[in-house]
Amino acid sequence: MNADAGTGIDSLSHESASYPPPSDFVQNANARPSLYGEAERDRLGFWKDRAGLLSWKTMPTEVLDFSNPPFARWFADGTLNACYNAVDRHVEAGHGDQAALLVEYEDGSDATYTYADLQAETSRMANVLLDLGVVTGDRVAIYMPMIPEAVIAMLACARIGATHSVVFGGFSADALRSRIEDAEATAVITADGQFRKGRVLPLKPAVDEALSTGAESVRHVLVVRRTGADIEWTEDRDVWWHEARESASAEHEPVWVEAEHPLFILYTSGTTGKPKGIVHTTGGYLVQASYTHRNVFDLKPDTDVYWCTADVGWVTGHTYVTYGPLVNRATQVIYESTPDTPHQGRWWEIVEKHKVSIFYAAPTAIRTAMKWGEDIPARFDLSSIRLLGSVGESINPEAWQWYRRVIGGGTAPIVDTWWQTETGAIMISPLPGITATKPGSAQVPLPGISADVLNDAGESVQDGQGGYLVLTEPWPAMLRGIWGDDQRFIDTYWSRFPGMYFAGDGARKDEDGDIWLLGRVDDVMNVSGHRLSTTEIESALVSHPWVAESAVVGAADETTGQAVVAFVILRSSAAEEVEAAGGEEKAVEILRQHVGKEIGPIARPKKVLLVTELPKTRSGKIMRRLLRDVAENRQVGDTQTLADSSVMDLIQQGLSGKR
Ligand code: ATP
Ligand code: MG
C-alpha cells in the first residue's frame, strides 16, 4: 500500500440501476423499517431483544462485555444449547412432523427428515459420542459429504457441548491432519466415501492416512456407510455409525452450556493465504444467525422452502444450513452433489421438484450457469422462487441482472450478503421489503451492525470514494479469536486501524452512502499511481455479452509499476460472434477497449488472456494470487485449497502458445 494516496482505493465504476422492493414484500416482509431506528437508538438493547429469538435455559441479563478488547463476551451469564434451539424446541411446540431436511442424493433418490426425526437422530448420536468417551469441551472433527448425517453430526456435537471442526470433504489427508492437530480433536466423524459426478471418491482412507502420520489426539473414528466401498478398519478405534446408532437411545437431555462456550472452530477458505482457525461461541452466534436468517431471507417457516447450496465445509453451510434455518424452523433442501450431475440443469430440477421459494448461492455458480446458457434453467418451472441470495464474492452487475431475470422471474429481490467466516453471520445486505436493491452492491449494514470505509489515515471516506472496509463496533456472532493464537487474532484484524476490526476487503461508498465491495486489499493493483481494485474491472469485462467470467491481477510493469492483466472465460454462446469479429486476437482487442469505455483508460487491461477455467478455492472464490504468479512468470504458490489443481497447468499450457 502506498501511503501518499490519501483516498485509499480509487473507484471507477458508476452503476445506477436500482429496483424498489416489490409491493408484496413491502407489506409482508419480516423486517420492518423501524429496525434501523431501534438499533440506532440503543444498539445493545436491540441485541438484547434479539436474544429473545432463542430459547435459553437461563435468560442472559448481560449483553456485551468488551472490557478486554478485542476479546468480546456476549450474553455471558446466559445458558442454552444450540441443538435444543435448532431441533427440540420445535418438536415441543408441536412441529415435530414438519420437514426439516429435504435431502437430494446424487443418484436422484431422496429422503425427508422431520424435526422429530432430527431430535431422535441427534439424541442417538449424542449418546454414541458419549459412549465413545467424547465429553463436553472436546473437539470433534467432521469430514463428510453433504449428506444429512453431516448436519446431524454437527448438531449431536452441539447437543453434548463438544466443539465441532468441520473439514471440507474435498480436502486432502494432509489438510485434514493439520486441522485435527491444530484443534487436538479426540474423535473424527466421516463416511466411507462420497459420490461426485457419478464416481465414488474415498473419504475414510484419507482419515486413515491422516491418523497414521500424526493426529495422535484422536481416539475414535465414527464412519457413515454411504458408498459401500471397501475400506480398511482399525478395531477398537473405528465404529460404524449405523451399528452404533442401532443400540443407542433416542432420548438425550441436551447439555446446557454457557453462552460463551465454543460451538465450533472453522478454518477460513484460504483464498489469500494460510487458513485461520476461527472460533465461534454459542449464544451470540446463534442470536445473530437466527436474526439475520429470519430478516435477510424473510423466512416464513410454515410456507417457505429454503435452499442454501453451500457445503457444511464452509461457514455459509454452518450459519445458513445447519444453524440459522433450523433455529428458525425452516424446511430446507440439502443436496449431495454438484450442479451438473447428471446434467447442467440439476439445481433447477431440484428447485422445481421441491418448489423452492428462497434460494441462496454463490456468484461463481451463477456465472457458471450464465456460461452454460439460459436455455437450461428455462426448461424448468422456477416460479416458486420469491427471493434470491448471493454470497462469497462480489456479484457482477451483469450476473446479478441475469440471476434476477432468469432464475428470479424478473421480480425476486436479490440479497447480496457480505460477511466472512470471522463475522459468523451476515453483516451487510439489503433487506427485502425495505431496500431498493442495486445490482452489484451489498449496500447497507444490517440493523445492529456498524461498518465504515476508511482511507489510509483511518478517516471515514466521503460518499463516492473507496477505501478499507472496517467494522466499528463488536457484534454478537463475531469470532472470539483464532484457535490457540491470540496474537495472530490481534495482528490480523485489530492492528491496521486501532480499535476497529479490519476485514481485509476494499470497499467504496456510492453517492447514496451505499457500500460496494471492491475485492481483497491484497489484490489491489497500483497502475501509474492509481490504486485499482479487482471487482470493478472484472465487472466491466463481464458486462460484455461475450464474457461469462473474468479475473484481473496486477503484474509488474516497467513503465506503469503494475499493469492490469485480465483472464477471461467466454460464454459458450459467444463462439460464432468471436469468429465473425475476426477471431480471438480481435476479440481480445474489443474487450480491452470495452473496459476502457466502461470505466476509463487507466483500467484498460494491458493483456487479456482467454482461458477456459479460473483457479478457485473449493468454496468457489477466484484465487488471484495464483494468476499473479502466472502473469509474472513465477512458480505458482500454495494450491492446497484449490478446487482443481490441474486448472493451473491448463492455464499455463494454454498461455504458453500465446505469449
Ligand atoms: P482467507 O481469509 O483464508 O483468505 P476467505 O477470506 O476466502 O479465506 P471466507 O471467510 O470464506 O474466507 O470468505 C470471506 C470473504 O469473501 C470476504 O472477506 C470477502 O472478500 C468475500 N465476500 C463474501 N461475501 C461477499 C459479498 N457479498 N460481496 C463481496 N465479497 C464477499
Ligand atoms: Mg478472509
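Order of listing sets the numbers, starting from 1, for every ligand and every atom in it. All values derive from a computational prediction rather than experimental measurement.
Side-chain rings of His293 and Tyr306 approach one another, their centers coming within less than 6.0 Å. A centroid separation of less than 6.0 Å is found between the aromatic rings of Trp494 and Tyr501.
In terms of polar-atom proximity, defined here as any N/O pair under 3.5 Å, Ser619 makes no such contact with ligand 1.
Between Pro262 and Thr163, the closest heavy-atom pair is O-OG1, 2.8 Å.
The aromatic rings of Trp347 and Phe359 sit perpendicular to each other, their planes meeting at more than 60°, with 30° as the lower class boundary. Using the six-membered ring where Trp is involved, Phe497 and Tyr468 have ring planes that are tilted, between 30° and 60° apart.
Heavy atoms of Ser394 found under 4.0 angstrom from ligand 1 belong to the backbone as well as the side chain. For Leu517, every heavy-atom contact with ligand 1 shorter than 4.0 Å involves the side chain, none the backbone. Residue Trp419 touches ligand 1 through its backbone alone, judged by heavy-atom distances below 4.0 Å. Heavy atoms of Lys621 found under 4.0 angstrom from ligand 1 belong exclusively to the side chain. Looking at Asp505 against ligand 1, only its side chain comes within 4.0 Å, counting heavy atoms.
Taking a cut-off of under 4.0 Å to the non-hydrogen atoms of Gly270, the atoms of ligand 1 that pass are 1 (P), 3 (O), 4 (O), 8 (O). Close contacts of ligand 1 with Thr417, meaning ligand atoms under 4.0 Å from a residue heavy atom, involve 24 (N), 25 (C), 26 (C), 27 (N).
Applying side-chain contact (heavy atoms from CB on, under 4.5 Å) to Leu532 and the options Val527, Ile599, Val552, Leu518 leaves one that passes, Val527.
Nearest protein heavy-atom neighbour of atom 4 (O) of ligand 1: Thr272 OG1, 2.5 Å. Closest to atom 5 (P) of ligand 1 among all protein heavy atoms lies Thr271 OG1, 3.5 Å. What sits closest to atom 12 (O) of ligand 1 on the protein, heavy atoms only, is Ser269 OG, 3.1 Å. In this structure, the protein non-hydrogen atom closest to atom 10 (O) of ligand 1 is Thr421 OG1, 2.5 Å. For atom 2 (O) of ligand 1, the closest heavy atom belonging to the protein is Lys276 NZ, 3.2 Å.
Look at Trp418 and you'll find a heavy atom under 4.0 Å from some atom of ligand 1. Using a 4.0 Å heavy-atom cutoff, Gly392 is listed among the residues neighbouring ligand 1.
Between Leu614 and Leu627 there is a side-chain heavy-atom pair separated by less than 4.5 Å.
To the nearest 0.5 Å, atoms CG (Asn328) and OG (Ser290) are separated by 5.5 Å.
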When the side chains of residues 307-315 are checked against the rest of the protein, which donor-acceptor pairs come out under 3.5 Å, sequence neighbours left out?
residue : atom : partner : partner atom : Å
Thr309  : OG1  : Tyr360  : O            : 3.4
Asp311  : OD1  : Gly313  : N            : 2.6

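His164 places no side-chain N or O within donor-acceptor distance of the main-chain N or O of Ala158, the cut-off being under 3.5 Å.
Considering only non-hydrogen atoms, atom 26 (C) of ligand 1 lies nearest to Glu393 out of Met427, Arg520, Glu393.
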